[in-house]
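The structure follows.
Every chain is numbered from 1 and lettered A, B, ... according to where its sequence line falls, protein lines coming before strand lines.
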There are 2 protein chains.
Amino acid sequence: MKLITRDTDYAVRAVCFIVRHKERVISVTELVKKLKIPRPFLRKLLQALSKKGVLGSHRGLGGGFSLAKPANKIFLVDLIEIFQGPLKLNECFFKKITCPNVKRCLLRKKIDNIERYVQDSLKSITIASLLK
Amino acid sequence: MKLITRDTDYAVRAVCFIVRHKERVISVTELVKKLKIPRPFLRKLLQALSKKGVLGSHRGLGGGFSLAKPANKIFLVDLIEIFQGPLKLNECFFKKITCPNVKRCLLRKKIDNIERYVQDSLKSITIASLLK
DNA sequence: ACAAAATGATACTAATATGGTATCATTCCT
DNA sequence: AGGAATGATACCATATTAGTATCATTTTGT
């Protein structure tokens with residue numbers, strides 16, 4: 001049970017690199033060299049980030065990616081949700097049959113509390129805060 | 001990213017049922033009827049629980065499973081670890097190459113804090129507390 | 001003793017999620 | 001015009017999760 005998958009981890013690294021050079025446009029080629037991430041995979045990640053408005057993209061010779069918004073406006077939870085879907089620690093496995101057990105719902109409630117905490121924590125982490 | 005997988009969820013339900021009838025020995029047949037969990041799958045789960053000392057087993061006609069320890073001594077985290085392995089939210093994806101980035105370690109530190117909280121929370125939840 | 005009812009052990013299969021590739025189209029700069 | 005870049009999309013490989021199947025062993029009732 002991983003909070004952060006490889007996609008997200010790579011994406012964080014890539015975005016951080018781009019933030020540290022935000023005056024330039026960064027090509028996949030450069031990122032591959034610096035981060036040692038498989039090129040086609042990294043491309044997929046960057047495309048997703050650009051589609052979701054985290055990065056801007058520039059085609060053609062000399063093109064690449066650049067920040068689309070300030071680093072303190074990009075939250076870790078954004079990247080997690082792009083690559084891993086909505087943050088849900090919890091999910092009732094008995095949606096179909098009416099869940100007859102009090103205990104189950106107690107479990108749910110407790111997990112929900114944990115989930116809330118994790119969500120709040122992740123929402124407070126910005127890319128900027130990972131760079132200091 | 002699920003905190004609790006289906007195995008664990010089923011196992012919690014089964015153990016709860018057994019706790020609520022702890023004066024008797026409960027057979028898989030009865031549990032299947034009550035919980036609507038596929039029989040061979042449930043059997044696998046119960047065997048694991050008995051191997052790990054959460055349940056005791058009784059073979060032969062009239063046999064089944066029973067509690068091996070009091071419900072307030074069985075922790076949710078125990079069941080999670082039986083079915084999902086050690087609770088680790090975090091894992092550095094760059095163990096091989098020396099991780100050169102301060103940011104990565106900052107990320108790690110933050111995730112570690114969240115992990116600690118989740119672990120502590122789960123350690124405090126007993127099966128007994130799910131029954132009240 | 002023996003048959004039925006239960007678990008023990010273990011190997012296998014199916015479905016889904018994750019991690020990664022490949023390819024062709026499109027755009028932009030020189 | 002042509003090369004260097006991203007856009008879009010479909011595909012493949014591996015691992016994890018969920019579930020099945022089967023035979024051996026033990027216990028109990030008759």
Side-chain angles (χ1 to χ4, degrees), chain A residues 1-11 13-14 18 24-33 35-66 68 79-80 82-88 91 93-94 96, chain B residues 1-11 13-14 18 24-33 35-66 68 79-86 88 91 93-94 96:
Chain A
M1 161 215 7
K2 275 173 289 187
L3 212 46
I4 290 191
T5 65
R6 213 176 197 99
D7 313 61
T8 308
D9 191 271
Y10 286 173
R13 299 169 75 89
I18 291 169
R24 291 160 42 213
V25 165
I26 309 287
S27 72
V28 171
T29 303
E30 179 171 2
L31 279 170
V32 164
K33 270 189 205 126
L35 302 181
K36 326 269 192 214
I37 296 169
R39 183 189 177 85
F41 193 39
L42 183 55
R43 244 158 74 64
K44 188 165 72 171
L45 303 181
L46 293 171
Q47 285 187 7
L49 288 169
S50 119
K51 219 183 260 178
K52 295 290 186 172
V54 175
L55 298 180
S57 71
H58 311 269
R59 300 216 235 183
L61 216 182
F65 296 87
S66 60
L79 304 194
I80 289 180
I82 289 172
F83 296 105
Q84 307 173 215
L87 181 58
K88 273 246 144 283
E91 180 197 340
F93 291 111
F94 291 83
K96 314 269 171 65
Chain B
M1 158 215 10
K2 276 174 292 190
L3 212 47
I4 291 190
T5 66
R6 215 179 197 96
D7 313 60
T8 308
D9 190 270
Y10 286 173
R13 300 168 75 88
I18 290 169
R24 293 160 40 212
V25 164
I26 310 286
S27 72
V28 170
T29 303
E30 178 172 3
L31 279 171
V32 164
K33 271 191 205 125
L35 302 182
K36 326 272 192 209
I37 295 169
R39 184 191 177 85
F41 194 38
L42 222 200
R43 244 159 74 65
K44 189 166 68 170
L45 302 180
L46 293 170
Q47 284 188 7
L49 287 168
S50 121
K51 218 182 260 178
K52 295 290 184 169
V54 175
L55 299 179
S57 71
H58 312 268
R59 299 217 237 184
L61 216 181
F65 295 87
S66 59
L79 304 195
I80 290 180
E81 297 201 330
I82 288 173
F83 295 106
Q84 310 172 212
K88 273 244 144 287
E91 180 199 337
F93 291 111
F94 291 82
K96 313 271 170 63

Report task. For Leu45(A) and dT6(D), give me the distance from atom CG to atom P, rounded to whole Å. Result -> 13 Å
Query raised in the report: Between atom CZ in Arg43(A) and atom C1' in dA25(C), what is the gap in whole Å?
Result: 11 Å
Query - d(CZ, Phe41(A); P, dT6(D)) in whole Å - result: 17 Å
Query raised in the report: Among the nucleotides dT10(C), dT9(D), dA5(D), which one has an atom lying closest to any side-chain atom of Gln47(B)?
Result: dT10(C)
Requested in this report: In whole angstrom, give the distance that lies between atom CG of Leu42(A) and atom C1' of dG7(D).
Outcome: 15 Å
Query raised in the report: NA contact type, Pro38(B), heavy-atom cut-off 4.0 Å: base, sugar-phosphate, or nothing?
Result: sugar-phosphate
Report task. Using a 4.0 Å heavy-atom cut-off across all strands, classify Lys51(A) as base, sugar-phosphate, or nothing. Result -> sugar-phosphate
Query - Backbone of Thr5(B) reached by a side-chain donor or acceptor of Gln84(B) within 3.5 Å - result: yes
**Report entry** Separation of dT6(D) C1' from Arg39(A) CZ (nearest whole Å)
**Finding:** 10 Å
Query raised in the report: Can a donor-acceptor pair under 3.5 Å be found between the side-chain atoms of Arg59(A) and the base atoms of dT26(C)?
Result: yes
Query - Length of the OH-C1' vector between Tyr10(A) and dG19(C), whole Å - result: 8 Å
Query raised in the report: Looking across every strand, which nucleic acid part, if any, lies under 4.0 Å from Gly60(A) by heavy atom: base, sugar-phosphate, or nothing?
Result: base
Query raised in the report: Can any side-chain N or O of Glu30(A) pair as donor or acceptor with the backbone N or O of Val25(A) at less than 3.5 Å?
Result: no
Requested in this report: Specify the separation, in whole Å, of atom CG of Asp9(B) and atom P of dT17(D).
Outcome: 15 Å
Query raised in the report: In whole angstroms, how far is the P atom of dT27(D) from the CZ atom of Phe65(B)?
Result: 14 Å
